[in-house]
Amino acid sequence: MLVAATGLMSPASAQNIAGTPRRSDGSTVKDLVRAGQRARAAGKWTEAYDAYKRALEAAEPSSTMERERAEIAGELGLCALRLRSYRDAAEHLAWSLEQREALPVALQLRFEAGLRKATAHVATLLLAVDPPDAEVIVDGKLVGRKSRTHTLFVEAGERMVRAGAPGREESLQMFTAIPGQEHKMVMQLARSSGSTKEVAEAAPKETPKALRSTPALRTQAPSPWASWPGTLRIAGIAVTTATVSAGSLLMIRASRLDGDLSERRDGLARDPTTSVSMCWQAPQRSACAELRSLRDERNLSGVAGTVLVIAGGVVGAATAASFFTDFSFLGRTPAQERIHVSPVATGHGMAVNIGGLW
């Protein structure tokens, strides 16, 4: 009877005894994989997708089947890509490539090419969660594994991410998913008031006297000189604007007077009875007095305009330099509100370093 039973044992039963996973309907993982390959070769992508999906569900996550599970997940992702289910394709292909050491190089290249095509149609969310055991829900779908970092794929549009953990306050964030782009998000769950109260009650209580012996820190009122650099900068800008404007107007006036002077001098030069060279030594009440007055007025306007423009430039340069000067050495500005601005020049360009404490 033992010999007869051994001889009549079917091949499928022998594989099942040897340890090959077997589904309730009697189909093995290898049978499902072969069915998926036949459907894929015939261009029946829906049947191929169903066969690979059932094979992945039947494959047990053991170390001996790591390569087989990675291959099945990759083929399932390629089928989903053919069916234009881009999010499903990206998830399975990315999971398969996480075990790339177990995959042949040819399969790695195929799966990487498929992943690039899939991620061009979905958004990639790089999510960091603290604590790492928090449950993450994206658009109402629970993320399978718990980890400190997640790489998730979502469809385009407004998406909602929710995270929660025991003893922590729930966190909820919204973002707009853009196809082909990476979005980064950090969700740090604060301790809930109840858990904080329990921790405080469990901690050893200190004596009230020790607490009262510590004098309370008083907030020192800001000095009235704390804002004097800003006041001087405003005044410097106003003075610069006024002096440069006035100097420019005087220089324009000097230019016009010079034109009038040249025109009248040319008119005297055409008069044979008058010598222009003798006009500058003429008496005050002579016919050349107006010409000499125009000359003096021109010279005065030109000199005054030049002086005002130079003075405005000096004040403006000093005002601009004050923006790159740290006045904290005078002890007027509180250290916690200090901002440092310093220029940086290198062989490749110029920049400004801005730092502060708040």
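- Between Gln173 and Met185 the shortest side-chain heavy-atom distance falls below 4.5 Å.
- Contact of the Glu57 side chain with the Tyr52 side chain is not registered, since no non-hydrogen atoms from C-beta on lie closer than 4.5 Å.
- The structure places CG of Asp296 at 8.5 Å from CG of Leu300, a figure rounded to the nearest 0.5 Å.
- Distance alone, capped at 3.5 Å, places no donor-acceptor pair between the Arg84 side chain and the Leu81 backbone.
- With His183 contributing its side chain and Ile178 its backbone, the two residues share a donor-acceptor pair below 3.5 Å.
- Hydrophobic clustering keeps Leu115 apart from Trp45 (ILVMFWY residues linked when any side-chain heavy atoms are closer than 4.5 Å, directly or through intermediates).
- In this structure the side chain of Ser96 never reaches within 4.5 angstrom of the side chain of Arg69, judged on heavy atoms.
- The distance from the CZ atom of Arg87 to the CZ atom of Phe153 is 10.5 Å, given to the nearest 0.5 Å.
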Val315/Ile237 under side chain to side chain contact (heavy atoms under 4.5 Å, CB included): CA gap, chis, key distance, verdict: CA-CA 8 Å; Val315 175; Ile237 293 173; over 6 Å; no
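- By the 4.5 Å heavy-atom criterion applied to side chains, Pro131 and Arg168 are counted as neighbours.
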Stepwise side chain to side chain contact (heavy atoms under 4.5 Å, CB included) test for Met187 and Asp130: CA-CA 6 Å; Met187 302 183 75; Asp130 185 31; over 6 Å; no
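- Within 6.0 Å of atom CZ in Arg82, 12 or fewer heavy atoms from other residues, nucleotides or ligands are found, so the atom counts as exposed in its surroundings.
- A pairwise comparison of heavy atoms in Gly302 and Ala254 identifies N-CB, 3.4 Å as the closest pair.
- Annotation: side chain of Asp139 is not in contact with side chain of Val161 (no heavy-atom distance under 4.5 Å).
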Side chain to side chain contact (heavy atoms under 4.5 Å, CB included) between Leu142 and Val136, worked out: CA-CA 6 Å; Leu142 180 65; Val136 179; 6.0 Å; no
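- Partners of Thr176 according to the side chain to side chain contact (heavy atoms under 4.5 Å, CB included) rule, which considers only residues two or more places apart in sequence or in another chain, are Glu158.
- Ala177 and Ala123 get closest at one heavy-atom pair: CB-CB, 3.6 Å.
- Contact detail for Ala70 and Leu103: the closest heavy-atom pair is CB-CD2, 3.7 Å.
- In plain terms, the two heavy atoms of Gly114 and Leu93 that are nearest each other are C-CD1, 3.5 Å.
- For Thr243 (side chain) and Thr240 (main-chain N/O), a donor-acceptor pair under 3.5 Å exists by modelled atom type.
- By the criterion of side-chain heavy atoms lying less than 4.5 angstrom apart, applied directly or through intervening Ile, Leu, Val, Met, Phe, Trp or Tyr residues, Phe175 is grouped together with Leu127 in one hydrophobic cluster.
- Across Glu101 and Glu98, no two heavy atoms sit closer than the pair OE1-O, 3.9 Å.
- Heavy-atom minimum distance, Val244 versus Gly313: CG2-N, 4.3 Å.
- We find the CG-OG1 distance between Leu126 and Thr124 to be 7.0 Å, quoted to the nearest 0.5 Å.
- For the atom pair Asp88 CG and Cys79 SG, the distance stands at 10.5 Å (nearest 0.5 Å).
- Residue Met160 holds its CE atom at 8.5 Å from CD1 of Ile137, rounded to the nearest 0.5 Å.
- A donor and an acceptor atom, one from each side chain of Asp31 and Thr28, are located under 3.5 Å apart.
- Between Arg100 and Glu112, at least one side-chain nitrogen of the basic residue sits less than 4.0 Å from a carboxylate oxygen of the acidic one, meeting the salt-bridge criterion.
- The shortest distance between side-chain heavy atoms of Leu78 and Arg110 falls below 4.5 Å.
- Hydrophobic clustering keeps Ile310 apart from Leu249 (ILVMFWY residues linked when any side-chain heavy atoms are closer than 4.5 Å, directly or through intermediates).
- Remark: side-chain polar atoms of Ser255 are not paired, donor with acceptor, to backbone N or O of Met251 under 3.5 angstrom.
- Checked for salt-bridge contact, Glu47 and Arg40 miss the test: no charged N lies under 4.0 Å from a carboxylate O.
- No more than 12 heavy atoms of other residues, nucleotides or ligands shown are found within 6.0 angstrom of CD on Glu135.
- Side-chain contact between Lys117 and Tyr86: absent, with no pair of heavy atoms (C-beta onward) separated by less than 4.5 Å.
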Test side chain to side chain contact (heavy atoms under 4.5 Å, CB included) applied to Glu155 and Val122, step by step: CA-CA 5 Å; Glu155 302 290 345; Val122 295; 4.0 Å; yes
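- How far CD of Glu182 is from OG1 of Thr119: 9.0 Å, rounded to the nearest 0.5 Å.
- In this structure, Leu76 and Tyr49 have side chains that are in contact, with non-hydrogen atoms separated by less than 4.5 Å.
- Contact check on Glu169 versus Arg191 returns no salt bridge, with no Lys/Arg side-chain nitrogen under 4.0 Å from an Asp/Glu carboxylate oxygen.
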